[in-house]
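Only one structure is covered here, and it is reproduced in the block below.
Counting convention: from 1, in listed order, for ligands and their atoms alike. Bear in mind that the values here come from a model prediction, so they are computed numbers and not experimental data.
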Amino acid sequence: MNASQETTALLQSAREVLDENWKDGFTVPAQNQYPYQWSWDSAFIAAGYARYDRERAQRELRSLFNGQWADGRVPHIVFHNATPDASYFPGPDFWRTERNTFAPLSPSTSGIVQPPNHATAVLHIVRCAEEDGKQETLGFAGELFPKLRAWHDWLYRERDPKGEGVAYIIHPWESGQDNSPLWDPVLARMDVPPARISGFRRRDTLAVVPEERPLDSDYDRYIFLVDFFRRRGYDERKIFGDGCPFLVQDVMFNTLLCRAEQDMAELARLLGEDPAPFEARARRTADAVNRKLWDGDRGYYADFDLATGKPIPMPALAGFSPLFARIPGGDRAETMLRRLLTPSFGLGAEQKGYPASSYDREAPEYSPKRYWRGPAWIQMNWLLMHGLRAYGRNDQAERLRRAIMELPAKGGFREYFNPETGEGHGAHRFSWTAALLIDVLHERI
Ligand code: GLC
């Protein structure tokens with residue numbers, strides 16, 4: 001096969017993954033491992049559909065927002081399926097979100113959130129239509145616009161009670177980076193009974209080997225936190241006021257919020273609405289990230305633990321994500337780039353393997369196979385690729401783009417990849433791996 005035939009075959013295989021995972025209205029991240037609709041996955045998946053099936057892209061996000069609560073929050077999982085899927089825990093019966101009057105009666109949902117990348121996906125859909133000379137998605141953007149505004153309003157109202165400009169998260173799952181070493185110091189402080197006492201059974205290690213998943217002790221803490229929230233009926237004031245043990249201002253979450261507000265301003269312009277309030281919030285968040293989360297010693301951004309009042313000093317790739325929302329000024333961006341090109345993250349020009357490692361390869365917590373503790377992830381590469389382009393770093397952006405294409409070609413459409421060998425790990429036939437590959441293959445750069 002020549003190069004163009006190989007690309008066509010790869011594109012075809014990526015579409016097959018999405019077809020298999022499409023459940024007539026939404027896309028599951030992976031059949032066996034994640035059999036429902038996940039919030040930030042859906043936005044990445046819609047970005048891929050935007051390139052070849054805009055009808056599906058719109059249905060994907062509409063379905064997600066069918067699960068939006070009356071208070072504005074967009075839950076991290078929407079359980080559309082009438083019958084709970086036995087392969088996943090914690091399912092709808094565990095969450096008991098009916099304890100909060102704002103939760104929809106149907107579909108049932110979880111009660112926590114994930115990073116707010118949805119306005120960015122909606123703008124991407126509109127832009128892809130424009131590239132094809134079409135305006136037909138503006139109606140859809142107008143339909144989602146008030147829902148997106150309510151979602152962001154909820155984050156600033158409920159998750160930033162002191163009005164700092166940055167939102168906090170209350171669970172590792174809210175970050176999207178479930179078992180990143182970022183959370184180790186916070187989880188270590190929690191005194192939690194092991195599962196054999198609290199009586200739940202995890203299911204995430206049935207389809208994927210335990211060495212590629214979080215430890216039991218981490219899982220005990222994840223479930224303890226969910227129980228803490230459901231006992232308080234998902235009332236954010238109570239969760240905060242009763243001393244929730246996990247309260248973190250996360251770099252990537254706030255970067256995506258900042259970018260989403262910038263994209264809301266753009267959508268407002270296209271829809272004839274006032275962009276100024278969105279621009280103001282985006283600026284306020286960018287300023288707060290720069291003021292509070294910049295780590296000058298390390299040369300990139302760090303999460304902040306509200307329970308201890310201290311930064312979390314763990315070297316995660318997500319600390320570079322503010323490039324995606326053009327948050328750092330030129331000098332900071334230069335400093336970050338120098339750090340990014342050291343052997344830590346695998347982006348140096350002569351370095352072997354595949355960028356970018358989700359965690360510093362030289363840190364003791366690093367593991368090339370275990371979920372968020374080192375493997376390369378396609379959506380992290382995608383965010384960083386766009387961030388580097390925004391600062392004119394096209395060579396490094398191109399290395400990431402190549403990795404987005406090479407990793408699935410070599411390791412399959414897996415959830416994550418060993419950054420040293422390119423071997424695939426975690427769930428098989430994973431949707432956003434396929435969707436973001438489709439997105440970059442269609443780019444006109
Ligand atoms: C894992 C990932 C999370 C993702 C979910 C569904 O939990 O850590 O980011 O949303 O899987 O794919």
Side-chain angles (χ1 to χ4, degrees), residues 17-18 20-23 26-48 60-61 63-64 67 74-81 85 87-91 95 109-110 112-118 121 169 171-183 187 202-208 210 212-215 218-219 221-223 225-226 250-253 255-256 316-318 321 358-359 367 369-383 408 413-417 424-436:
V17 170
L18 292 179
E20 278 166 34
N21 293 348
W22 172 250
K23 300 288 165 206
F26 68 96
T27 312
V28 298
Q31 308 265 358
N32 292 328
Q33 191 77 355
Y34 307 112
Y36 302 104
Q37 185 174 29
W38 261 257
S39 167
W40 81 319
D41 294 59
S42 272
F44 288 127
I45 293 165
E60 178 75 35
L61 290 173
S63 298
L64 180 72
V74 176
H76 100 296
I77 303 176
V78 180
F79 301 107
H80 295 286
N81 326 25
D85 190 308
S87 69
Y88 187 79
F89 177 84
W95 287 90
T109 75
S110 73
I112 58 171
V113 300
Q114 268 190 329
N117 56 344
H118 314 90
I169 56 172
H171 195 294
W173 291 344
E174 291 203 318
S175 71
Q177 310 171 67
D178 300 20
N179 76 327
S180 168
L182 280 169
W183 323 127
L187 299 180
R202 56 190 292 198
R203 314 254 166 83
D204 61 305
T205 42
L206 298 179
V208 172
E212 298 173 14
R213 296 290 306 173
L215 302 173
D218 289 334
Y219 228 86
R221 283 162 175 75
Y222 303 155
I223 299 304
L225 283 168
V226 172
D250 175 55
V251 171
M252 189 160 70
F253 193 98
T255 293
L256 292 175
L317 180 70
S321 61
S358 53
Y359 196 73
S367 152
K369 286 191 190 170
R370 202 182 271 276
Y371 213 24
W372 281 101
R373 306 179 79 87
W377 288 74
I378 296 301
Q379 99 288 14
M380 295 301 290
N381 280 9
W382 188 89
L383 293 171
F413 290 94
R414 300 295 294 270
E415 189 179 7
Y416 38 94
F417 301 86
H425 294 292
H428 292 257
R429 306 194 66 69
F430 191 67
S431 292
W432 81 38
T433 299
L436 295 177

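Applying the side chain to side chain donor-acceptor pair (under 3.5 Å) criterion to Asp204, with sequence neighbours excluded, gives Arg202, Arg213. Scanning for side chain to side chain donor-acceptor pair (under 3.5 Å) contacts around Tyr416 gives an empty result, with sequence neighbours left out. Among residues two or more places apart in sequence or in another chain, the side chain to side chain donor-acceptor pair (under 3.5 Å) test is passed with Gln31 by Asn21, Lys23.
Closer than 4.0 angstrom to ligand 1 sit non-hydrogen atoms from Pro29, Tyr34, Trp38, Trp40, Asp41, Gln114, Gly176, Asp178, Tyr371, Trp372, Glu415, Phe430, Trp432.
A centroid separation of 6.0 Å or more is found between the aromatic rings of Trp95 and Tyr36.
Only one option out of Trp432, Tyr34, Trp377 pairs with Glu415 in a side-chain hydrogen bond (donor to acceptor under 3.5 Å, both in side chains); it is Tyr34. When Phe44, Phe26, Trp173, Tyr88 are each tested for a ring-ring contact (aromatic ring centres under 6.0 Å, His included) with Trp38, only one passes: Tyr88.
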